[in-house]
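Report on one structure; see the data block that follows.
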Amino acid sequence: MKAKTQFVCQQCGVAYAKWVGQCANCKAWNSLVEQVVEPELGKKAAIEKAKTSGRKLDFVKMSTVVPSDAKARLSTEFRDLDTVLGGGILLGSVTLLAGQPGIGKSTLLMQICARIAKKRDVLYISGEESAGQVKLRAVRLGADSEKLSFAASTSANDIAKTIETGEFDLVIVDSIQTLAMDEISSAPGTVSQVTNSGNLIIRAAKKTDTAVVIVGHVTKEGTLAGPKVLEHLVDVVLNFEGDRYGGFKTVRAVKNRFGSTNEVAIFEMLGSGLKEVQNPSAALLAERTNTDGSIILATLNGNRPILVEIQALATKTNFGYPKRTASGFDLNRLNLLIAVLERRTKLKLSDKDIFVNVVGGMKLADSAADLAVCMAIASAVAGRKLSEDYVVFGEVGLGGEIRSAFRADQRIAEAKKLGFKHAIGPATIHDKFVVPVKDLRETLIKYVK
Ligand code: TYD
Ligand code: MG
């Protein structure tokens with residue numbers, strides 16, 4: 001028999017018997033999600049029952065509690081990934097690994113499975129691929145442990161039941177979008193299936209102290225509702241980002257109940273799977289040719305200082321509206337910086353198409369990238385270069401002023417390590433290595449030549 005379901009508005013909580021496009025109560029659109037109805041008592045009866053059904057909690061002295069951390073972390077044997085996780089995957093935790101299709105989620109998880117299955121019982125559940133297909137990948141990655149099992153399933157009920165047996169220390173569910181719960185009629189991948197299946201699996205994991213990693217696909221815009229809803233339910237959310245084709249890929253925790261969210265692990269996809277990149281700056285700068293439009297930025301990726309090359313190209317606009325394209329950098333920010341350049345320096349950019357690229361597939365989320373982007377554009381437009389021994393960092397304000405950057409010491413240390421002689425940076429930093437600059441126009445006149 002099908003369980004009774006109702007449609008609950010996720011904004012205001014009002015329930016409906018049928019799906020409607022707009023909630024009549026709070027007027028939100030598309031906010032209804034199908035949920036299983038739990039049999040309910042009347043309000044009065046419920047309160048009466050609660051009065052008598054409660055019992056005294058079993059409490060423990062905090063001094064006698066063993067931190068769950070100490071006993072139950074599974075190491076992925078990827079040094080940086082373990083750090084991102086806060087020391088490995090915690091038993092009983094549920095982790096969501098989110099990323100675009102094709103980025104390497106299944107590959108990474110199969111590698112982790114192989115490593116953990118050396119000592120522990122691991123189950124890989126796929127709703128996307130057959131045993132034969134997964135085996136192909138496993139062979140390629142050298143995963144051949146006796147303790148690694150596989151199941152193909154798209155039933156959230158069956159998966160939860162399997163986790164509840166407690167036979168496995170780690171269970172991978174690839175992917176949440178393929179799962180469906182029997183009691184709910186909507187298609188796999190819809191918000192209600194994702195939320196309810198997720199809930200079922202999380203409950204099973206907590207019950208038996210099983211570590212679970214759930215894969216979630218996100219679209220290019222990161223818009224798919226499913227994993228977003230799921231983010232609130234799980235303990236750890238890892239984002240797998242980067243270029244699908246070549247380049248570096250980063251795994252970062254956007255939520256972590258058991259660790260910091262500032263760490264990143266940087267990977268490279270090889271023929272034999274993913275490999276951690278230990279010295280990304282050196283790898284990123286290896287192919288550099290010092291042309292105009294190229295500036296080295298000392299940036300931070302999470303907690304890690306990294307040197308990346310920013311490239312800009314300017315060409316004459318052939319007709320109409322000038323085009324601006326950014327890869328690895330926020331387009332709105334680029335437009336803003338172009339406006340600042342036009343207004344605060346004498347550069348004429350309104351008749352030029354401008355392209356900015358962050359080399360190596362890195363995605364920058366660092367306000368101190370501004371100065372490097374501005375200098376790259378100026379360098380490209382003027383056809384002049386910055387001397388090879390400089391790195392650059394600093395935020396650019398709307399008045400064309402150079403503003404301070406956080407963690408300057410780490411940026412400087414990384415630049416020194418890679419053999420640079422100077423940094424062009426905000427005047428607030430007092431370090432012999434840094435050539436202090438205050439104003440964008442002066443900086444361009446003085447250093448881009
Ligand atoms: P995959 O892990 O299947 O991506 P996802 O699960 O995120 O959708 O694999 C991504 C790509 O990686 C795929 O196009 C093939 C490639 N790949 C390698 O380059 N080397 C390898 O060793 C493996 C297993 C895959
Ligand atoms: Mg996959």
Side-chain angles (χ1 to χ4, degrees), residues 76-78 80-81 84-85 89 94-117 122-145 148-156 159 170-180 188-189 193-194 197-198 201 212-224 226-228 230-231 234 236-254 264-277 283 360-361 363:
T76 63
E77 291 177 31
F78 285 116
D80 297 335
L81 185 60
V84 169
L85 287 161
I89 305 174
V94 180
T95 304
L96 174 68
L97 178 65
Q100 285 179 44
I103 185 99
K105 300 180 293 298
S106 306
T107 306
L108 179 64
L109 290 175
M110 183 50 80
Q111 286 178 272
I112 292 174
C113 280
R115 291 160 179 209
I116 293 178
V122 178
L123 175 63
Y124 192 109
I125 302 173
S126 180
E128 301 187 341
E129 295 159 302
S130 67
Q133 286 169 319
V134 172
K135 178 74 184 181
L136 277 180
R137 185 182 297 122
V139 168
R140 191 160 160 184
L141 299 171
D144 58 356
S145 166
L148 177 57
S149 310
F150 174 85
S153 171
T154 56
S155 159
I159 292 174
L170 172 67
V171 175
I172 309 290
V173 180
D174 187 0
S175 66
I176 188 79
Q177 273 82 13
T178 59
L179 299 194
Q193 285 293 10
V194 167
S197 306
I201 290 171
V212 174
V213 181
I214 301 174
V215 172
H217 295 292
V218 294
T219 59
K220 212 172 166 89
E221 297 77 37
T223 47
L224 195 62
K228 282 279 172 225
L230 210 56
E231 281 184 16
V234 299
V236 181
V237 180
L238 298 180
N239 266 3
F240 204 162
E241 303 164 340
D243 218 343
R244 253 198 293 174
Y245 316 101
F248 288 166
K249 302 160 203 288
T250 55
V251 176
R252 121 189 20 249
V254 289
V264 287
I266 298 174
F267 290 95
E268 184 179 15
M269 181 69 89
L270 304 177
S272 54
L274 289 154
K275 186 168 167 282
E276 265 187 342
V277 182
K363 297 228 174 345

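Just so it is clear, the model here is predicted, and its values are computed rather than measured. Read the numbers this way: they start at 1 and go in the same order the structure lists the ligands and their atoms. Sequential numbering from 1 along the given sequence is applied to the chain's residues.
Here the side chains of Leu123 and Ser149 are in contact, with some heavy-atom distance below 4.5 Å.
When only interatomic distances are considered, the shortest N/O to N/O separation between Leu270 and ligand 1 falls below 3.5 Å. Taking distance alone, with nitrogen or oxygen atoms compared against 3.5 Å, Gly273 approaches ligand 1 more closely than that limit. Geometrically, ligand 1 and His217 share no nitrogen or oxygen pair separated by less than 3.5 Å.
Below 4.0 Å from some heavy atom of Pro101 lie the following atoms of ligand 1, by number and element: 8 (O).
Taking the six-membered ring for Trp and thresholds of 30 and 60 degrees, Tyr124 and Phe150 have nearly parallel ring planes, at less than 30 degrees apart.
Both the backbone and the side chain of Ser106 come within contact range of ligand 1, each with a heavy atom under 4.0 Å. Heavy atoms of Arg137 found under 4.0 angstrom from ligand 1 belong exclusively to the side chain. Of the heavy atoms in Met110, none comes closer than 4.0 Å to ligand 1. The proximity of Asp174 to ligand 1, defined as any non-hydrogen pair under 4.0 Å, does not occur for either the backbone or the side chain.
Between the side chain of Thr76 and the backbone N or O of Leu81 there is no donor-acceptor pair closer than 3.5 Å. Side chain of Arg252 to backbone of Val264: no donor-acceptor contact under 3.5 angstrom is found. Checked by atom type and distance alone, the side chain of Lys135 never pairs as donor or acceptor with a backbone atom of Ser130 at under 3.5 Å.
Checking Ser106 against the Mg ion (ligand 2), an N/O/S atom falls under the 2.8 Å cut-off.
The two residues Leu141 and Ser272 make their nearest non-hydrogen contact at CD2-O, 3.5 Å.
Closest heavy-atom approach to atom 9 (O) of ligand 1 within the set Leu274, Thr107, Val134, Leu109: this belongs to Thr107. The residue among Gly271, Gly142, Gly102 with a heavy atom at the shortest distance from atom 8 (O) of ligand 1 is Gly102.
Atom-to-atom distance recorded for Leu108:CG and Gln111:CD is 6.5 Å, nearest 0.5 angstrom.
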